[in-house]
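Just so you know, these numbers come straight off a predicted model, no measurement behind them. In listed order, ligands and their atoms are each counted from 1.
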Amino acid sequence: MRNQVLTAIAAGTLLLGACASRPQPQEITLTATTMSYDPSAFEATAGVPVELTFVNEDALEHDFSVLEIPVESVSEADPMSAEHEMQMGAGVEPVLHVAAEPGATNNLTFTPTKPGTYEFFCTVAGHKEAGMVGTMVVLAR
Ligand SMILES: [Cu+2]
């Protein structure tokens, strides 16, 4: 009897341990204002899903793009943003991209897999040059 109780406790502890090791998504809200991002820098953790909420408070269309970054499980809530005009060289496709119309909000979920410092920017013509650029720091888990 006593052994059965101990076995049950041990199994319960194992289950708790399994739950604790699954990473909770990191929720990040990034706001586009007049030709800038707020915040202009944020941190993420490698191997932990990022749920990015992109809020456009400006009167112009904006996006959040990262050209090169090792990621997995990328999904964009509103695929309309894939169709918006990106002012990039032919054949250049950012790994991460989410756009929002003026006053709109869009979402992007992704899991960065490699620690490092990555630049994000707006692909609309002239916006990066006007200051729509920021830094995402991916920390080791
Ligand atoms: Cu922009």
Check whether the ring centres of Phe42 and Tyr37 lie less than 6.0 Å apart, and answer yes or no. no
Under the side-chain contact (heavy atoms from CB on, under 4.5 Å) test, residues paired with Val133 that sit two or more places apart: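 Expected list: Glu119, Phe121, Lys128.
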Thr113: side-chain contact (heavy atoms from CB on, under 4.5 Å) partners, not counting sequence neighbours: Pro70, Glu72
Would you mind naming the N, O or S atom of His62 nearest to the Cu ion (ligand 1)?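 Result: ND1.
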Restricting His127 to its N/O/S atoms, the closest one to the Cu ion (ligand 1) is ND1
Need one value: angle at the Cu ion (ligand 1), Cys122 atom SG versus Met132 atom SD, rounded to 10 degrees. 110°
Side chains of Thr123 and Asp63: any donor to acceptor distance under 3.5 Å? yes
